[in-house]
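Below: the structure, in structure tokens.
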Amino acid sequence: MNKFTLICSLIFYLLILTGCWDNVEIEERAFVYGLAIDRTEESKSNSEIELTEQLIVPEQFASTGSGGGGSGPAFRNLTASGETIFDVNREMFKQASRTTDPTHLLLVLFSEELAKEPKRLEQLLDVFLREKDMRRGINIAITSGKASELLTVVPEHEKVPAQYISKLLEQKKNLEIINVVKIGDIQNKLLDNVSFPLPLLKTMNPTVIDYEGIAIYNAQKDQIVGTLKGDYAKGLSFMSGKKHTGTINIEVDQEKATVELTEIKSSFSLINDDPNNLHISVNVEVEGTIAEQLGTDDVLDREVLQQFNRALEKEIEKLTKGTLTILQNDLQTDAIGLGSYLFQHHPKLWKSVKVDWETGEKYFTQSRIDVIANATVNRPGSIIRTTNN
Amino acid sequence: MKPMNGAGIISDRDILIAVTINILGVYTLSLPRILAEETTAADGWVGILLGGGVACILAWVVAKLTLLYPNKSFFSIASDLVTKPIAVILTFLFTLQYIAITSFQVREVSALAHQYLFDQTPLEVISLSFLLVVVYGVCGSRAGIFRLNALFLPFVLVGLLVVVVVPLVFIKTENLLPVFQTDFKGYVQSTYSSLNTFAGFGIILFYIALVKNPKNTPKMAVKGVIFNTILYTILYIVCIGTFGNSTTANIFFPTFDLSRTVEIPGGFFERFDAFLFLAWTIILFVHSLMAFDIAVMTLMMVFKKVKKIMLVITLTPLIFFISMIPKDYVELTHIARYISLIKLTSLLLVVVLLWSAYKIKGGKQSE
């Protein structure tokens, strides 16, 4: 082979190997960080949704904020409506000028109104699991009020609302906050027909979003059936044994005190396995530190310590009882995972009650669930008391 | 009978590596799904262990069989034991089988790439460029293939190790419960399915003849199978622990999706799967390289005068053509099942046939 043909063929190879059909320059990509899904205002046909995408403006996003360059927002929200998410996303290409790229999508928000429609939530989740660009770690939250509003809340310390919200969801130091719900976890629960809790968010003012409570998804009805707020949300946290911690207010000697819980462990045990008289006990074990006391008790005294422990246990039992009453009677939804516990540890029993767990015979509603709390305050804090009187 | 051309070019260890890497493959990607469909919770590991055990025995028998005639090719062993015409038919059967396997791999590469990377790039282009690289590899010396195996193995192992280790954080132990709730039928099915994925050890039937000092080769082949059994068991448990049984049964390639659950903080590494695609492409490449090589090798056993390069050039368009036949992914998954079935049955058939012929003849020819 002479040199000429060699060089010619090399050039030819270079030409055909320059890249593939799918090459999209990074400048051409519009990274989507957050999605909000609402019902359309007019709702011509019932199935129409309104999708808001939060796109990143890289120039603003990358600048360190110390002057220089323009000072516009680091994000751009686009809204369009249509039948399915994928379809609306394409619709948005008409506004976006860049190709939207969901590879780094952080969170998806659904409005409560939408999630309360039967089957809507599970239908809308399909695309996030199917699409090849999606990760299974996308956070999910429900919003009371319009979901798209949350994507306009710009706090002072974050540049992009979607980042702010997903960090908020990952907060671990409050008992009213449940574990982050990722899209990958939900798939298993939907396939197994298991009810589960979801975070519920709300806009407080133009720069603050509030973690309002916990929305309960019922797997039999395929919709959000209700919400738990405040103390009821705390009760749920105790029973599902969260990895995170929080505080709890108790009363010792008619004086308020706050205990910071450092560890919460919960486990179920089956006491009576007759389907009609199911008796399950929830054992909650907590460890805590005295964080604040308004009284003047001598915390070094064993008696006082016992008082703290007892008060703590009583408070936990009260909180969980409240939550259980709502879950069993009002919502009739097993959001604490008792069904999964029975399947995992008593598969034979579960086989016989599975069909009538939440609906039909309603074994969940009828079963007796006791909470036995066991609290240990193991650190008094740095001082014994602040004042003597 | 003369020793086979090229005998003595590889060592025991090369067989171990070849078996290990040849069992890994597209099936590794979908195995957890198939097992999860058939069993409850994490019980699929029983199927893997049983399937692996059966595969070990088979590998041992096949290796022993070829060692009855050290350094003789499959064709000469077969013609000695069961007359030449039957040997020709058997060899052709294997040629066809390995052509089909190569085509399947070539197609699967583009199918995978389409599923996870590309939307627009045509199937034909991905397949063809992949096939051309494979052809380049086959044209070279056979020892080179084994060297490539040894060279790639660390990459593949590191890739798999990362897939297994990093999601450990996400494992929920409650997903592994309850244990042993699968019915008998489920265990049988899962054993069968996992045995199918182990069928890749069949290459030793052809490659043992090349080993320099083949005394320990059966042990090495079995070691390769055992290694994969352990790997699959861990992989399966990690899959079920991370996703849960129902989800695993509903993901096309659970092994691959494991890497998509992994999120290393920081924009670039948030997408970890790209690195894994590299490992899978290597596996598929080595896989099709060996399959193509065996197809050529079996043809050369029969047509002793034809040049290797001629065979390669004739086979390439054929392989490309066959790889483009499946219409869609449904057909492709069916074909995957048939191919592993054929792999296994042809192996069993040959082993039974040759062993019984050997026993009838009294085994004196080998001395």
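Reminder, nothing fancy here: chain letters follow the sequence lines and each chain counts from 1.
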Inset, instruction - For residues 321-333 of chain B, pull every pair meeting salt bridge (Lys or Arg N to Asp or Glu O under 4.0 Å), keeping only residues two or more places apart or in separate chains. - result: B/K327-B/E331
Need one label for [X]: side chain, backbone, both or neither, based on atoms under 4.5 Å from any heavy atom in chain A.
X: B/I251; answer: side chain
X: B/N250; answer: both
X: B/T40; answer: side chain

Inset, instruction - Could you tell me which residues satisfy salt bridge (Lys or Arg N to Asp or Glu O under 4.0 Å) with A/K348, sequence neighbours excluded, listed by chain and number? - result: none
Legend entry - salt bridge (Lys or Arg N to Asp or Glu O under 4.0 Å) involving A/K351 - partner list, sequence neighbours excluded: none
Legend entry - Value rounded to 0.5 Å, distance of CG in A/L105 from CD1 in A/I183: 7.5 Å
Inset, instruction - Indicate the atoms forming the closest heavy-atom contact of B/V133 with B/F285, along with that distance. - result: CG1-CE1, 3.6 Å
Inset, instruction - For residues B/P254 and B/F252, report the shortest heavy-atom separation together with the two atoms involved. - result: CD-O, 3.4 Å
Inset, instruction - Find the one option among A/L190, A/N188, A/L129 whose heavy-atom pairs under 4.5 Å with chain B are most numerous. - result: A/N188
Inset, instruction - Verify whether one side chain among B/T28 and B/T255 offers a donor that lies under 3.5 Å from an acceptor in the other. - result: no
Legend entry - Exercise: do B/E38 and B/S193 side chains pair donor with acceptor under 3.5 Å: yes
Inset, instruction - Write out, in numerical order, the residues from residues 312-323 of chain B with a heavy atom short of 4.5 Å from a heavy atom in chain A. - result: none
